[in-house]
Structure formats: structure tokens, C-alpha cells
Amino acid sequence: MADLNPAQIFDLLNRPGPLWLVGANLAGANLSGANLSNANLSETNMVGARLSDANLYRADLSVAELGGATLSWANLREARLAWAQLVRADLSDADLRKGDLAWANLEFANLTGANLRGANLSAADFSGANLYGANLSLCNLSGVDLRDTIMIGANLTEAQLREAQLINMSGANLSGANLNKVSLGGASMQGVNLSGASLLSANLREANLREANLIGANLYEANLSDSDLRAADLSMANLSGIYLSGANLEGAILTHTNLSRANLSGCNLRGAQLNGCNLREASLADADLTGADLSGADLSECDLSGVIGMVR
């Protein structure tokens with residue numbers, strides 16, 4: 001479709017919808033507040049376009065070029081954005097519920113306060129994006145790239161992150177995030193900031209959490225079996241009822257951590273700081289505690305059968 005001038009755009013917007021604008025050049029166009037519900041905008045060039053408060057309900061924006069576009073407060077509910085280019089786009093407070101953003105490029109995009117509940121975000125690239133306070137509950141995040149993403153206060157309740165070998169959350173900031181019941185088995189999360197986060201009953205089996213910040217996090221009854229938590233800081237965290245069987249916690253900081261009823265059987269706790277922690281009714285069967293600091297720890301009714309390296 002040929003380039004459209006402002007007069008032609010105005011004329012189109014005043015025609016009965018839904019609009020068909022496949023491949024149109026709308027770069028830099030001012031479409032703020034426009035009604036584009038159910039419009040076909042696939043492969044459209046909207047680089048730098050202004051779409052704040054626009055109604056794009058169920059619009060087709062697949063493979064569209066939206067780099068640097070302003071979509072703040074836009075209604076993108078159930079919109080199709082698969083393979084769309086949204087690098088550095090402003091999607092703050094946008095409604096993206098149940099949208100399809102599979103394989104979309106959202107590098108360095110601003111999604112603060114955006115509502116993505118139930119959206120398909122599989123294989124999308126969010127590296128460097130700002131998801132502060134965003135709602136990602138019930139999202140499909142399989143294969144997503146979240147490197148260096150800001151996710152402070154984000155809600156990932158019951159989000160699905162399957163195909164874990166493709167998930168990269170290294171260095172992401174998820175402090176205070178809600179990840180209750182999230183599935184993150186095998187995810188790469190080295191150095192991630194999960195301080196104060198809620199991970200009730202989360203699945204983090206075989207995840208790489210080396211050097212992660214989990215200070216004050218709530219991991220009640222979570223599954224971290226066979227995970228890598230070397231040098232991670234879990235001080236003052238709630239790990240009551242957690243499943244850590246076979247996990248590597250060498251050099252981890254667990255000062256004043258609640259590990260009551262935790263399963264730490266077969267864990268590597270060499271050089272770990274367990275001073276002042278609560279290990280009541282926990283299982284340390286066959287765990288390696290060589291060089292671990294257990295000063296002031298509560299070990300009442302703790303299973304210590306087969307423990308290695310513990311000074312009694």
C-alpha cells in the first residue's frame with residue numbers, strides 16, 4: 001500500500017471499520033485515541049507512531065514495525081502482535097490481556113504497569129525491557145528472553161515458562177515480584193534479584209540460581225530440587241517446607257532463614273552460612289555440611305542421618 005498523508009489517514013479513520021491497512025506506511029502518524037479495533041495492520045510501518053489511548057482491540061499487528069512507537073494506555077486486548085518489532089516502544093499501562101506476542105521483539109520496551117494477563121509471550125525478546133509492576137499472570141512465557149529485564153513488583157502468578165533451556169533471566173530484577181506457582185524448571189537465573197519476592201509452591205527444579213539474591217523471599221513449599229544455588233543469598237527467607245533435595249548450596253548464605261520441615265537431603269552445603277536458621281523437623285539426611293556454620297541454628301527434631309562433615 002502507498003504512503004498515506006494525514007488527510008487520507010483522517011478519511012480512513014472516519015470510515016466504517018474494520019480497516020484494512022496491510023503494509024501501509026504510517027510511520028510517525030498521530031493515531032492517538034483512534035478506533036482501530038479489529039483492523040488489519042499486519043506488516044504495517046508504524047515506526048515512531050503515536051497510538052496512546054488508541055483502541056486496537058483484536059487488531060492484527062503481526063509483523064508490524066512499531067519501533068519507538070507510543071502505545072501507552074492503548075487497548076490491545078486480544079490483539080495479534082506475533083513477530084512484531086516493538087524495540088523501545090512505550091507500552092506503559094497498555095491493556096495486552098490475552099494478546100499474541102509470540103516471537104515479538106520488545107528489547108528495551110517500556111511496559112511499566114502493563115496488563116498482559118493470559119497473553120502468549122512465547123519466544124518473545126524482553127531483554128533490557130522495563131516490566132515494573134506489570135501483570136504477567138497466567139502468561140505463556142516459554143522460551144522468553146528476560147536478560148537484564150526490570151521486573152520489580154511484577155505479577156507472574158501461575159505463569160508458564162516451559163522449554164526451560166531457552167529461558168534466560170540472568171541478571172533480571174524481580175524484587176518483590178509475585179511468582180506464586182510459577183513454572184521455572186531448568187531456567188537460567190544466575191544473579192537474578194528475587195529479594196522479597198513471593199514464590200509460594202513455585203517449580204524451580206534444576207534452575208540455575210547461582211549468586212541469586214533471595215533475601216527475604218517467600219519460597220514456602222517450593223520445589224528447588226537439584227537446583228544450583230551456589231553463593232546465593234537466602235538470608236531471612238522463608239523456606240519452610242521447601243524441597244531442596246540434591247541442590248547445590250555451596251557457600252550459600254542462609255543466615256536466620258526459616259528451613260523448618262525443609263527437605264535438604266543429599267544437599268551440598270559445604271561452607272554454607274546456616275547460623276541462626278530454623279531447621280526444626282528438617283531433613284539433612286546425607287547432606288554435606290563440611291565447613292558450614294551452624295552456630296545458633298535450631299536443629300530440634302532434624303534428621304541428621306548420614307550427614308557428612310558436621311561437627312557435633
Side-chain angles (χ1 to χ4, degrees), residues 147 164-165 167-175 179 182 184-197 199 202-312:
R147 285 174 295 174
Q165 68 275 13
I167 300 165
N168 194 333
M169 298 176 76
S170 299
N173 189 338
L174 287 127
S175 58
L179 291 109
V182 74
L184 278 162
S188 175
M189 302 172 75
Q190 184 165 340
V192 71
N193 183 355
L194 285 158
S195 57
L199 294 117
N203 176 18
L204 291 151
R205 192 172 186 273
E206 298 180 356
N208 177 8
L209 286 153
R210 191 171 181 177
E211 300 171 352
N213 179 355
L214 289 145
I215 298 171
N218 189 354
L219 289 129
Y220 177 74
E221 293 190 348
N223 183 357
L224 281 91
S225 58
D226 300 309
S227 58
D228 186 352
L229 286 151
R230 284 175 288 175
D233 193 341
L234 295 123
S235 53
M236 296 177 287
N238 179 17
L239 307 182
S240 178
I242 197 170
Y243 196 71
L244 279 159
S245 178
N248 190 346
L249 287 145
E250 184 171 358
I253 303 169
L254 294 141
T255 305
H256 299 295
T257 298
N258 181 6
L259 283 156
S260 59
R261 298 183 298 102
N263 185 341
L264 294 149
S265 58
C267 275
N268 177 6
L269 287 155
R270 296 174 68 91
Q273 297 177 38
L274 292 150
N275 46 307
C277 73
N278 177 7
L279 283 154
R280 287 180 64 90
E281 300 179 47
S283 173
L284 283 162
D286 302 312
D288 187 349
L289 288 157
T290 305
D293 182 1
L294 286 153
S295 57
D298 184 354
L299 293 159
S300 53
E301 301 179 63
C302 185
D303 182 1
L304 300 169
S305 56
V307 165
I308 302 167
M310 182 177 176
V311 180
R312 307 194 194 193

Under a 4.5 Å cut-off applied to non-hydrogen side-chain atoms, are [X] and [Y] in contact?
{"X": "L239", "Y": "L224", "result": "no"}
{"X": "M310", "Y": "L284", "result": "no"}
{"X": "L264", "Y": "L279", "result": "yes"}

Rounded distance (nearest 0.5 Å) linking atom [atom1] of [X] with atom [atom2] of [Y]:
{"X": "L179", "Y": "N218", "atom1": "CG", "atom2": "CG", "answer": "11.5 Å"}
{"X": "S235", "Y": "L274", "atom1": "OG", "atom2": "CG", "answer": "11.5 Å"}
{"X": "T257", "Y": "I215", "atom1": "OG1", "atom2": "CD1", "answer": "9.5 Å"}
{"X": "L209", "Y": "S188", "atom1": "CG", "atom2": "OG", "answer": "9.0 Å"}
{"X": "N193", "Y": "L174", "atom1": "CG", "atom2": "CG", "answer": "8.0 Å"}
{"X": "S283", "Y": "D303", "atom1": "OG", "atom2": "CG", "answer": "4.5 Å"}

Which residue pairs pass the salt bridge (charged side-chain N to carboxylate O under 4.0 Å, His left out) test when at least one of the two sits in residues 204-218, sequence neighbours left out? R205-D226
Pairs where residues 184-193 contributes a residue and the test salt bridge (charged side-chain N to carboxylate O under 4.0 Å, His left out) is met, not counting sequence neighbours: none
Listed partners of S260 passing side-chain hydrogen bond (donor to acceptor under 3.5 Å, both in side chains), at least two apart: S240, N258
For S245, enumerate each residue passing the side-chain hydrogen bond (donor to acceptor under 3.5 Å, both in side chains) test, keeping only those at least two apart in sequence or located in another chain. S265
Result block: side-chain N/O donor-acceptor pairs under 3.5 angstrom for residues 247-255, not counting sequence neighbours:
residue	atom	partner	partner atom	Å
N248	OD1	E250	N	3.2
N248	OD1	N268	ND2	3.1
E250	OE1	N268	ND2	3.3
T255	OG1	N275	OD1	3.3

Considering all heavy atoms, the nearest L259-C277 contact: CD1-SG, 4.3 Å
With L194, which of L214, L219, L204, D233 fulfils side-chain contact (heavy atoms from CB on, under 4.5 Å)? L214
For [X], what residues pass the salt bridge (charged side-chain N to carboxylate O under 4.0 Å, His left out) criterion, not counting sequence neighbours?
{"X": "R270", "result": "D288"}
{"X": "D286", "result": "none"}
{"X": "D228", "result": "R230"}
{"X": "R280", "result": "D298, E301"}

